[in-house]
Amino acid sequence: MSGTFGKGHHLHLIDGSAFIFRAYHALPPLTRKSDGLPIGAVAGFCNMLQRYVEGNTGPDAPTHVAVIFDKGSHTFRNDMYDKYKANREAMPEDLRPQIPLTRTATEAFNIACKEKQGYEADDIIATLAVQARAAGGRCTIISSDKDLMQLVGGGVEMLDAMKNKSIDRDGVFEKFGVFPDRVVDVQALAGDSVDNVPGAPGIGIKTAALLINEYGDLDTLLERAGEIKQPKRRQTLIDHADQIRLSRDLVQLDENTPLDFTLDDLEVRDPDAEQLLGFLAEMEFRTLSKRVAEVLGKEAPTIADAPVPADAPAAADVPFDADLYEHVSDTEALQAWIERIYEFGYVAVDTETTGLDDMVAQLVGVSLCVEPGKACYIPLIHKARGSDDLFGSDDLAEGQIPLEEALRLLTPMLQDPAILKIGQNMKYDSKIFGQLGINVAPIDDTMLLSYAMHAGLHGHGMDTLSERYQSHTPIPIKPLLGSGKSAITFDKVPLADAVKYAAEDADITLRLWQLFKPQLHRVEVTKVYETLERPLVPVLAAMERSGVKVDRDTLSRMSNAFAQKMAGLEDEIYQLAGRKFNVGSPKQLGEILFDEMALEGGKKGKTGAYATGADVLEDLATEHDLPARVLDWRQLSKLKSTYTDALQDHINPDTGRVHTSYSIAGASTGRLASTDPNLQNIPIRSEEGRRIREAFVAEPGKVLVALDYSQIELRILAHIANIPELKQAFQDGIDIHALTASEMFGVPLDEMTSDVRRQAKAINFGVIYGISGFGLARNLRIPRAEAQGFIDRYFERFPGIRTYMNDTKAFAKEHGFVQTLFGRKIHTPEISAKGPRAGFAQRAAINAPIQGTAADVIRRAMIRMPDAIKGMPATMLLQVHDELLFEVEKGAEDALIDAARHVMENAADPVVKLDVKLTVDAGIGSNWAEAH
DNA sequence: GACATCACG
DNA sequence: GACGTACGTGATGTCC
């Protein structure tokens with residue numbers, strides 16, 4: 001049938017996004033065999049289209065059809081209400097590159113494929129449905145989206161393709177309690193949590209329908225709201241009238257979307273066999289190709305097992321060949337690369353810079369890779385090697401695109417939400433780009449993929465991963481840069497060498513991604529990666545960039561004071577020893593103490609030297625003055641060298657602040673680690689050390705706020721091991737160590753002595769660490785038998801703890817890993833080892849779920865924090881395992897504490913329901929010592 | 001670069 | 001019965 005659309009015509013409108021999401025969730029994360037491209041959603045999408053086409057026979061078959069897609073995340077509704085769809089979860093990364101392919105698939109089926117920037121698919125569907133109805137034809141909307149139900153009636157109906165159930169006016173009434181013309185009114189009142197449409201608080205669909213049916217329509221209802229009998233309902237409608245009207249505007253579909261095509265353009269067309277089969281072959285869909293070929297009466301295309309051309313071996317076997325890497329030296333070549341990136345939807349990116357400190361390093365060049373073996377390097381500011389090299393030539397080497405020009409071309413791609421940027425340790429690269437005002441997003445990180453899957457098995461640096469998973473040793477950087485005084489920066493590396501080294505990194509990264517990404521699902525750590533690793537990258541990058549202000553004068557004064565005291569102590573020590581020696585040398589000290597002075601208790605370690613650790617010296621201190629002086633000296637030496645001196649060198653000259661770097665994949669348990677400098681071990685336990693925190697200050701007009709979880713690991717233990725007494729104590733806010741002591745020793749809480757409490761505290765911590773009689777004895781300095789007696793009594797009183805320990809060990813032995821409550825896996829490869837290593841592994845296995853769950857909790861809090869404090873004059877600066885430090889303008893500290901505490905205390909929700917509440921203590925001060 | 005020591009949670 | 005032992009980190013200084 002042809003001619004102008006009208007009576008007798010039947011239009012089908014397919015909700016493309018619904019198809020895609022159904023396909024994505026219905027199928028496992030399939031990848032294309034030849035190159036690992038994620039392809040599951042496209043496969044499902046094509047299957048659904050094929051089943052749809054096959055089902056379209058008989059008198060009711062459509063004469064016109066189109067698949068309608070959403071385009072762009074920002075629509076006119078966002079202008080009306082900035083929170084519209086604000087709580088939508090981000091699109092999964094392996095789905096993103098598949099979106100353009102679903103368009104291609106639709107076209108391959110020769111079905112019209114329509115979308116419009118700034119409009120939702122629903123609006124286009126509404127517009128077309130209304131046009132079809134006006135022309136006297138029929139329209140079937142293939143979707144189950146309730147937002148589309150307002151369109152039903154007068155020849156328009158909906159079809160749920162999965163359930164093969166059509167929905168007419170009566171069906172809509174069943175769902176909403178009103179007919180289609182009043183659906184919008186009901187939705188306006190009921191709201192929609194999925195799309196974040198506010199509606200009227202406390203009113204659901206049932207109540208909404210009741211009200212609308214009683215008053216006729218929404219406007220009448222709102223006008224006459226005062227007549228409603230139920231006081232609460234009446235007040236809600238009066239108070240929220242504006243919000244309800246806004247909600248109606250949000251759910252009302254735009255039936256006048258400007259379109260550059262007509263219904264007649266949507267006429268059903270037969271598929272072009274060659275085009276369709278070609279596409280399916282390209283996607284490597286074997287079964288579907290066969291079926292489609294059969295239906296079309298054609299020969300199925302052959303899809304080889306190694307479908308790449310004969311001159312290029314299968315992806316997994318592409319050898320590394322640094323000679324094949326491309327040196328991109330002009331804009332045409334760069335443009336070509338960017339076009340290729342857009343074809344693929346993803347790219348492996350690596351930056352080369354002048355140094356390891358991303359706060360000061362300058363971008364030197366960028367490497368890219370989209371297919372194994374095919375990578376390029378774009379040098380940007382490499383220096384020429386001239387005769388005046390000695391004096392440091394500033395001339396740029398030949399064969400480079402001007403920096404600004406290259407960035408102008410690269411930036412849109414780097415920021416394009418449709419292009420996935422893959423890196424190894426992307427925090428570094430995104431900070432480098434961030435310096436230049438480029439926000440790299442979205443990202444994937446091979447280091448974090450490995451961490452999510454392999455924590456505890458091995459490190460996650462690129463060299464380790466490449467050797468382990470590609471049997472390839474990356475080109476080492478050392479020979480290029482040299483070492484020591486003669487070391488050069490990467491911009492001085494000759495271009496030919498630079499291309500090989502830099503491009504290879506991108507090549508390796510891409511291959512690792514293609515290997516790891518599909519495994520993520522199989523190992524069941526997608527959630528861990530997507531919710532605990534990937535989103536943390538920008539949060540940490542921001543914290544690192546913020547840094548914390550450290551007052552140099554304070555540190556410097558303390559350094560001098562420490563130096564004086566140390567000199568005094570050294571004199572005393574030499575006197576007591578009878579001669580001069582290097583106090584900082586444990587070896588020399590041991591000889592003095594145990595050989596020359598012949599003190600008791602000298603024990604040699606495995607290297608043959610006497611042990612002179614603090615515990616040894618403390619024991620000796622009762623017999624002699626020298627060990628006590630050495631202990632004092634050591635404390636000062638530590639404070640001076642590690643803190644008051646070293647910290648000054650870490651003050652960034654541009655910002656006047658100290659910028660640590662967090663390793664996300666360092667600790668196997670999920671904890672972060674802080675380096676260069678380590679700001680997670682700033683002294684606090686000793687009074688003298690604690691004063692170092694006075695040098696960590698807020699800017700004038702601001703204060704520091706510290707929030708820390710109270711006893712988070714013991715709370716998690718109480719939950720995981722299911723100890724009713726401990727859970728109750730936490731719920732009641734009782735001192736947990738006193739409670740433990742009371743339970744164990746039968747001392748009533750109000751008669752508790754500090755010594756008994758101290759012992760119980762040591763036991764509580766011991767449990768978290770995988771307690772042993774020996775360890776507890778040493779910690780409490782009591783006989784081993786007595787310590788063992790404590791432990792026995794503890795297990796007797798809290799038998800759940802022993803069960804937890806035994807179950808955890810058994811789980812680790814069976815599976816080779818243990819898990820946190822959030823699903824993070826920590827591998828325990830040595831759990832079945834022989835000898836002392838087994839003991840280590842067992843205790844680590846017992847500790848990991850507890851420490852790791854606590855780490856997961858604060859990660860979740862950190863990830864949610866930027867949104868929670870948005871608009872406040874506050875910055876999150878540091879994380880110290882169970883503490884977050886903020887800098888906030890004076891006057892806003894209470895608001896910040898409220899918001900941040902709420903996020904922290906509820907960070908486990910909604911994934912894990914803890915039996916024990918989490919509580920957070922807060923402190924405010926002009927410096928970190930005061931704030932804590 | 002290994003080892004001992006000690007700062008933190 | 002002996003062996004070894006609290007869990008997780010990073011930075012520093014000595015010594016080879």
Side-chain angles (χ1 to χ4, degrees), chain A residues 455-456 581-590 604-617 630-631 633-647 649-650 660-663 666-686 688-690 692-693 708-714 717 762-780 784 787 791 805 808 818 826 828 833-852 854-855 858 878-883 932:
Chain A
F581 70 101
N582 186 344
V583 185
S585 164
K587 185 165 170 271
Q588 294 179 34
L589 176 67
K604 293 190 175 177
K606 51 188 157 193
T607 51
Y610 290 111
T612 67
D615 48 347
V616 177
L617 297 190
V630 172
L631 280 171
W633 183 91
R634 279 200 184 154
Q635 189 193 15
L636 295 173
S637 165
K638 180 80 173 182
L639 295 178
K640 183 172 186 296
S641 68
T642 310
Y643 300 103
T644 56
D645 287 350
L647 226 36
D649 300 334
H650 281 287
T660 185
S661 176
Y662 289 101
S663 346
S668 61
T669 52
R671 271 196 179 179
L672 299 178
S674 160
T675 63
D676 308 301
N678 181 355
L679 295 186
Q680 290 182 320
N681 70 345
I682 303 303
I684 191 166
R685 291 175 187 168
S686 77
E688 225 157 8
R690 186 191 177 91
I692 289 172
R693 295 190 173 218
D708 65 288
Y709 284 107
S710 164
Q711 308 286 12
I712 186 168
E713 293 194 352
L714 279 173
L717 173 71
I763 298 168
N764 275 334
F765 279 106
V767 165
I768 291 176
Y769 299 150
I771 201 159
S772 78
F774 184 92
L776 184 64
R778 205 176 57 169
N779 188 287
L780 286 176
R784 192 173 159 178
I791 294 170
M805 290 180 151
T808 305
V818 291
I826 299 111
T828 56
K834 290 272 168 278
R837 282 144 53 128
F840 272 117
Q842 285 174 14
R843 291 191 297 273
I846 288 164
N847 173 260
I850 303 168
Q851 188 182 115
I858 197 166
L878 299 178
Q879 188 251 42
V880 192
H881 309 308
D882 63 356
E883 169 187 355
H932 202 279

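Chain naming here is simple, since letters A, B, ... match the order of the sequence lines and numbering starts at 1 in each.
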Are OP1 or OP2 of [N] and a side-chain N or O of [X] less than 4.0 angstrom apart?
X         : N       : answer
Thr607(A) : dA4(B)  : yes
Gln588(A) : dC15(C) : yes
Arg778(A) : dA6(C)  : yes
Lys587(A) : dC16(C) : yes

Closest non-hydrogen atom pair, Leu631(A) against Ala614(A):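 Minimum heavy-atom contact is CD2-CA, 3.8 Å.
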Where Leu776(A) and Ile771(A) come nearest, the two heavy atoms and their spacing: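 Closest approach of Leu776(A) to Ile771(A), heavy atoms only: CD2-CD1, 4.4 Å.
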Scan [X] against the nucleic acid and name what it touches under 4.0 Å (heavy atoms): base, sugar-phosphate only, or nothing.
X         : answer
Ile771(A) : base
Ser674(A) : sugar-phosphate
Ala854(A) : nothing
Gly839(A) : nothing
Ile682(A) : sugar-phosphate
Ala614(A) : sugar-phosphate
Phe840(A) : sugar-phosphate
Ala646(A) : sugar-phosphate
Ile850(A) : nothing

Atom [atom1], compared across [N] and [M]: separation rounded to whole Å:
N      : M      : atom1 : value
dA4(B) : dT5(C) : P     : 11 Å
dA7(B) : dA2(C) : P     : 36 Å
dC8(B) : dG4(C) : P     : 30 Å

Nearest-neighbour nucleotide for the Ala844(A) side chain, dA11(C), dA7(B), dG8(C) considered: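 Nearest to the side chain of Ala844(A) among the choices is dG8(C).
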Could you tell me how far apart [X] ([atom1]) and [N] ([atom2]) are, to the nearest whole angstrom?
X         : N       : atom1 : atom2 : result
His650(A) : dT12(C) : NE2   : P     : 6 Å
Asp615(A) : dA4(B)  : CG    : P     : 13 Å
Leu679(A) : dG9(B)  : CG    : P     : 13 Å

Nucleotide paired to dC3(C) in any strand shown, Watson-Crick or G-U, under 3.5 Å: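 Answer to the pairing question: none, since dC3(C) forms no Watson-Crick or G-U pair.
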